[in-house]
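Note: hydrogens, waters and symmetry copies are ignored here, and every other heavy atom, side chains too, is used.
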Amino acid sequence: MTDELAADSARPVPPAPRPGRAVLLSVFAGFALFAYILDQLTKLWVTSSMVEGERIPVLPPLLHWYFIRNSGAAFSIGENVTWVFSIIMAAVAVAILFQIRKLGSLWWSLALGLLLGGALGNLTDRLFREPSFGMGHVVDFIQLPNFAIFNIADSAVVSAVAIICILTLRGIALDGSRLTSERKDTSGDA
């Protein structure tokens with residue numbers, strides 16, 4: 001009986017079937033639209049129902065809505081170079097669109113969809129909010145203790161980066177293939 005179990009465990013396991021192209025693109029587009037629309041709707045809600053600087057307790061002391069406009073990046077870094085962030089976000093969006101033809105993993109589809117939706121959410125603010133085109137201030141409203149004030153687009157980007165880090169650490173490539181330890185060893189020799 002144990003010989004049979006040993007023989008079964010020695011047999012190679014065929015790889016799981018990969019999802020079809022239509023499924024991967026649907027997941028990508030679905031998460032991109034979800035992140036973008038949710039971000040824009042929440043910003044519309046904040047700008048129409050709150051006054052800038054207003055702070056509303058939601059789950060005190062852990063969570064507050066605190067409406068601010070951010071001209072910089074995270075933690076208000078780069079407030080004087082808002083136009084640079086507009087260019088970077090546009091470049092990120094274009095780069096993601098070029099990468100989707102290589103998609104072969106549902107998790108990568110989800111991550112890139114969230115990344116695109118988040119980048120486009122904040123890019124929309126940069127392009128169309130005051131004070132001017134390409135220099136608009138991003139609406140932020142989610143406040144946690146001892147942390148930057150952020151929005152849904154920021155959350156989507158951070159979630160996407162976390163998923164991408166996990167996929168990379170697990171050796172899962174954009175096309176869904178696994179990076180084996182043998183390939184890892186040879187790739188560092190170049």
Side-chain angles (χ1 to χ4, degrees), residues 5-6 8-39 42 59 62-63 70 72-78 84-126 138 140 142-190:
L5 289 174
D8 284 343
S9 65
R11 290 186 196 141
V13 177
R18 294 214 176 130
R21 188 98 184 116
V23 170
L24 294 172
L25 292 176
S26 296
V27 168
F28 168 78
F31 276 95
L33 282 171
F34 172 75
Y36 180 77
I37 291 170
L38 184 61
D39 175 67
T42 56
L59 294 171
L62 296 176
L63 176 64
N70 185 358
F75 303 100
S76 297
I77 295 169
V84 172
F85 299 120
S86 299
I87 293 169
I88 290 170
M89 283 184 267
V92 166
V94 170
I96 292 167
L97 292 173
F98 275 112
Q99 293 301 312
I100 61 170
R101 59 187 162 82
K102 299 177 187 175
L103 279 176
S105 159
L106 280 173
W107 284 104
W108 274 100
S109 296
L110 181 150
L112 291 182
L114 287 174
L115 188 59
L116 181 63
L120 291 177
N122 282 338
L123 179 60
T124 299
D125 284 10
R126 297 279 182 213
V138 173
D140 287 332
I142 302 170
Q143 182 186 34
L144 301 173
N146 305 312
F147 197 71
I149 302 168
F150 58 99
N151 58 44
I152 300 298
D154 299 333
S155 298
V157 169
V158 169
S159 298
V161 169
I163 293 167
I164 290 168
C165 287
I166 291 167
L167 291 169
T168 302
L169 289 172
R170 294 195 64 216
I172 300 172
L174 185 61
D175 66 0
S177 65
R178 278 201 164 264
L179 185 62
T180 63
S181 59
E182 188 176 289
R183 280 176 55 195
K184 286 180 190 174
D185 292 340
T186 59
S187 65
D189 293 340

Novice: Going by salt bridge (Lys or Arg N to Asp or Glu O under 4.0 Å), name the residues that satisfy it together with Asp140, two or more places apart in sequence or in a different chain.
Specialist: none
Novice: With Ala156, which residues qualify under side-chain contact (heavy atoms from CB on, under 4.5 Å), at least two apart?
Specialist: Ala35, Leu114
Novice: Is there a donor-acceptor pair closer than 3.5 Å between any side-chain N or O of Trp108 and the backbone N or O of Asp175?
Specialist: no
Novice: When you measure from the side chain of Arg126 to the backbone of Ile87, do you find a donor-acceptor pair of N or O atoms at a distance under 3.5 Å?
Specialist: no
Novice: I'd like a table of donor-acceptor pairs (distance under 3.5 Å, sequence neighbours excluded) in which one partner is a side-chain atom from residues 20-29, with atom names and distances.
Specialist:
from  : atom 1 : to     : atom 2 : distance (Å)
Arg21 : NH1    : Ile100 : O      : 3.4
Arg21 : NH1    : Leu103 : O      : 3.3
Arg21 : NH2    : Ile100 : O      : 2.9
Arg21 : NH2    : Arg101 : O      : 3.3
Ser26 : OG     : Ala22  : O      : 2.8

Novice: Report all side-chain donor-acceptor pairs from residues 157-168 shorter than 3.5 Å, counting only partners two or more places apart or in another chain.
Specialist:
from   : atom 1 : to     : atom 2 : distance (Å)
Ser159 : OG     : Ser155 : O      : 2.8
Thr168 : OG1    : Ile164 : O      : 2.8

Novice: Locate the shortest heavy-atom distance separating Leu123 from Met89; write the atom from each residue and the value.
Specialist: N-SD, 3.6 Å
Novice: Using the test side-chain contact (heavy atoms from CB on, under 4.5 Å), find all partners of Ile142 that sit at least two apart in sequence or belong to another chain.
Specialist: Leu63, Trp65, Phe150, Ile152
Novice: My understanding is that only residues two or more places apart in sequence, or in another chain, count here; which of them pass side-chain contact (heavy atoms from CB on, under 4.5 Å) with Leu33?
Specialist: Ile37
Novice: Taking atom NZ of Lys102 and atom CG of Leu112, what is their separation to the nearest 0.5 Å?
Specialist: 11.0 Å
Novice: For residues 84-96, which residue pairs pass the side-chain hydrogen bond (donor to acceptor under 3.5 Å, both in side chains) check, not counting sequence neighbours?
Specialist: none
Novice: Check side-chain hydrogen bond (donor to acceptor under 3.5 Å, both in side chains) between Asn122 and all other residues, then give those that pass, not counting sequence neighbours.
Specialist: Lys43, Asn151, Asp154
Novice: Say whether, by atom type as modelled, one donor and one acceptor occur between the side chain of Asp39 and the main chain of Ala153 under 3.5 angstrom.
Specialist: yes
Novice: What is the distance from atom CZ of Phe34 to atom CG of Leu110, rounded to the nearest 0.5 Å?
Specialist: 10.5 Å
Novice: Output the distance between atom OH (Tyr36) and atom CG (Leu116), rounded to the nearest 0.5 Å.
Specialist: 10.5 Å
